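The basis for the numbers below is simple: all heavy atoms, side chains too, and nothing from hydrogens, waters or symmetry mates. No experiment lies behind these values; they were computed from the predicted model shown.
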Amino acid sequence: MERELGTPVFWENRAAADEKIKTLGELKNLTDRFRAITRDLSALDKNFSEDKFFEAKRKFRALELETLFGGRYDKQSAVLSVYPGAGGEDASDWAKMLLDMYSKYAVNRGWDAKVIDDAPNHRTLEIRGAYAYGYLKGEIGVHRLVRISPFSAKKLRHTSFALVEIVPDLPRLEDEKIVIPEKDLKLEFYRSSGPGGQNVNKVETAVRVVHLPTGLTAHSQVERSQASNREKAMRILKARIYQRMEQEQVRELRELKTDVKPEWGNQIRSYVLNPYQLVKDHRTEIETPHVHRVLEGDIDIFIEGYIERPAHA
């Protein structure tokens, strides 16, 4: 009985205790949501309202989708990064458009979204919310844009590419398991270009950390101190290494490599603004002509379609 919840032995490992408490909280949240839906449906029997009907449908839909999440980290928050491909200003602008799209999607879902790096060649968004990684992990890959370039004096049509990368915000226990030797790291410090006050922009508080064996990198410039930015960048780097290890099924970090490039032939989705308007996912064949709605964050059709696709697809 010494190891029961609330006894000294249970609290010896605070991190493990926190994880157990978190799991209990998640189970309670699940049952509370189910009961709320049941109450909503009972209320509709007595007093039907179209608004209440669609609200109950939305809640049930979210619960239904979450039963399909079987990944180890699907419940976690997420860190989303966008890297422009070749194409100069057009590609950099496309990467920013994608970051804005995901930020608006996150806000629409009630999650917290914060830009933690906004450099032209690597933009990163921290998204905090239940199941953020589960919903967004299908967005990993190359996204292609076709439009009349706003940077072309001759108004020529231009094709741009950007690579979207998403990693989970690792639970504390998993984060602590990954120990990276200092000799495998390269730290670079620079002045923040984002918000945070005058002091942030006068000193080198922004941090870029490079894992030398793999070339994987992580950046953070949103925090007020160099130490805080380093800690955040290290958490992102560890998540990327962990994800890479699972994807490639290797044990040695030196064997890890990134082989997807933001260029023609690798795209998972195309966004065409000219000569016609269409967004098409090349994995699920789902498409819509409402390009501007999509760019405003209305991407449920693609995210849900990917989650529900057959396992062999």
Side-chain angles (χ1 to χ4, degrees), residues 50-51 54-55 57-58 61-62 65 78 80-115 117-127 129 131-132 135-166 262-309:
E50 193 170 280
D51 289 342
F54 283 110
E55 177 63 16
K57 182 179 179 181
R58 183 191 65 78
R61 178 62 169 160
L65 286 172
L80 182 150
S81 298
V82 187
Y83 304 90
E89 288 182 302
D90 277 287
S92 181
D93 186 56
W94 173 223
K96 187 177 186 306
M97 289 168 65
L98 281 172
L99 199 78
D100 290 342
M101 180 184 79
Y102 289 117
S103 180
K104 291 171 182 176
Y105 170 75
V107 170
N108 289 341
R109 292 202 63 88
W111 298 333
D112 292 326
K114 180 172 68 173
V115 175
D117 192 43
D118 196 25
N121 61 339
H122 47 76
R123 304 179 188 276
T124 302
L125 185 70
E126 184 179 57
I127 301 173
Y131 291 97
Y135 276 99
L136 288 166
K137 66 181 181 180
E139 296 297 292
I140 296 172
V142 178
H143 296 244
R144 168 177 168 254
L145 173 70
V146 180
R147 64 172 174 174
I148 299 295
S149 171
F151 306 101
S152 171
K154 296 181 179 180
K155 302 299 180 183
L156 299 176
R157 191 160 64 244
H158 189 89
T159 299
S160 304
F161 298 91
L163 175 65
V164 173
E165 178 189 68
I166 302 163
E263 59 188 26
W264 190 276
N266 291 325
Q267 66 268 15
I268 63 166
R269 189 177 303 144
S270 294
Y271 307 69
V272 182
L273 291 171
N274 186 278
Y276 52 88
Q277 295 199 344
L278 183 73
V279 181
K280 180 175 181 178
D281 193 293
H282 302 292
R283 303 161 301 175
T284 61
E285 300 299 319
I286 293 173
E287 58 184 50
T288 176
H290 303 298
V291 183
H292 293 288
R293 288 188 196 172
V294 169
L295 294 177
E296 286 297 311
D298 187 3
I299 55 176
D300 285 312
I301 185 176
F302 299 110
I303 286 180
E304 294 180 9
Y306 183 80
I307 293 171
E308 293 182 308
R309 78 196 191 289

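- Within the 4.5 Å cutoff, the side chain of Y135 has no heavy atoms near those of the I127 side chain.
- Considering every non-hydrogen atom in both D300 and R109, the closest pair reads OD1-NH1, 3.8 Å.
- By the 4.5 Å heavy-atom criterion applied to side chains, V272 and V291 are not counted as neighbours.
- Here Q267 contributes atom CD and H143 contributes atom NE2; the two are 10.5 Å apart, rounded to the nearest 0.5 Å.
- R283 places a side-chain N or O within donor-acceptor distance of the main-chain N or O of G138, the cut-off being under 3.5 Å.
- Legend: side-chain hydrogen bond (donor to acceptor under 3.5 Å, both in side chains) pairs involving residues 284-295, not counting sequence neighbours, sorted by first then second residue: K280-E285.
- Taking each heavy atom of I166 and A78 in turn, the nearest pair found is CG2-CB, 4.0 Å.
- Atom CD of E126 is separated from atom NZ of K114 by 5.5 Å, given to the nearest 0.5 angstrom.
- Between the CD1 atom in I148 and the CG atom in N274 there is a gap of 4.0 Å [rounded to 0.5 Å].
- Partner of L273 under the side chain to side chain contact (heavy atoms under 4.5 Å, CB included) criterion, chosen from L278, V146, L145, V279: L145.
- Within the 4.5 Å cutoff, the side chain of W94 has no heavy atoms near those of the V82 side chain.
- Here the CD atom belonging to E139 is positioned 4.5 Å from the CD1 atom belonging to I303, to the nearest 0.5 angstrom.
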All N/O donor-acceptor pairs, side-chain side in residues 84-93, below 3.5 Å, sequence neighbours left out:
residue, atom, partner, partner atom, Å
D90, OD1, S149, OG, 2.9
D90, OD2, S149, OG, 2.9
S92, OG, P120, O, 3.3
S92, OG, R123, NH2, 3.4
D93, OD2, R147, NH1, 3.1
D93, OD2, R147, NH2, 2.9

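- Side chains of Y271 and L295 form a contact here, defined as non-hydrogen atoms less than 4.5 Å apart.
- In summary, the side chains of H282 and S270 do present a donor paired with an acceptor at a separation below 3.5 Å, with no hydrogens or angles considered.
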List the steps and the verdict of side chain to side chain contact (heavy atoms under 4.5 Å, CB included) for Y306 and I286. CA-CA 9 Å; Y306 183 80; I286 293 173; over 6 Å; no
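- A salt bridge is defined here as a Lys NZ or Arg NE, NH1 or NH2 lying under 4.0 Å from an Asp or Glu carboxylate O, and K96 with D100 meets this definition.
- Remark: L136 CG to Y105 OH distance equals 5.5 Å, nearest 0.5 Å.
- The distance from the CZ atom of F302 to the CD1 atom of I268 is 10.5 Å, given to the nearest 0.5 Å.
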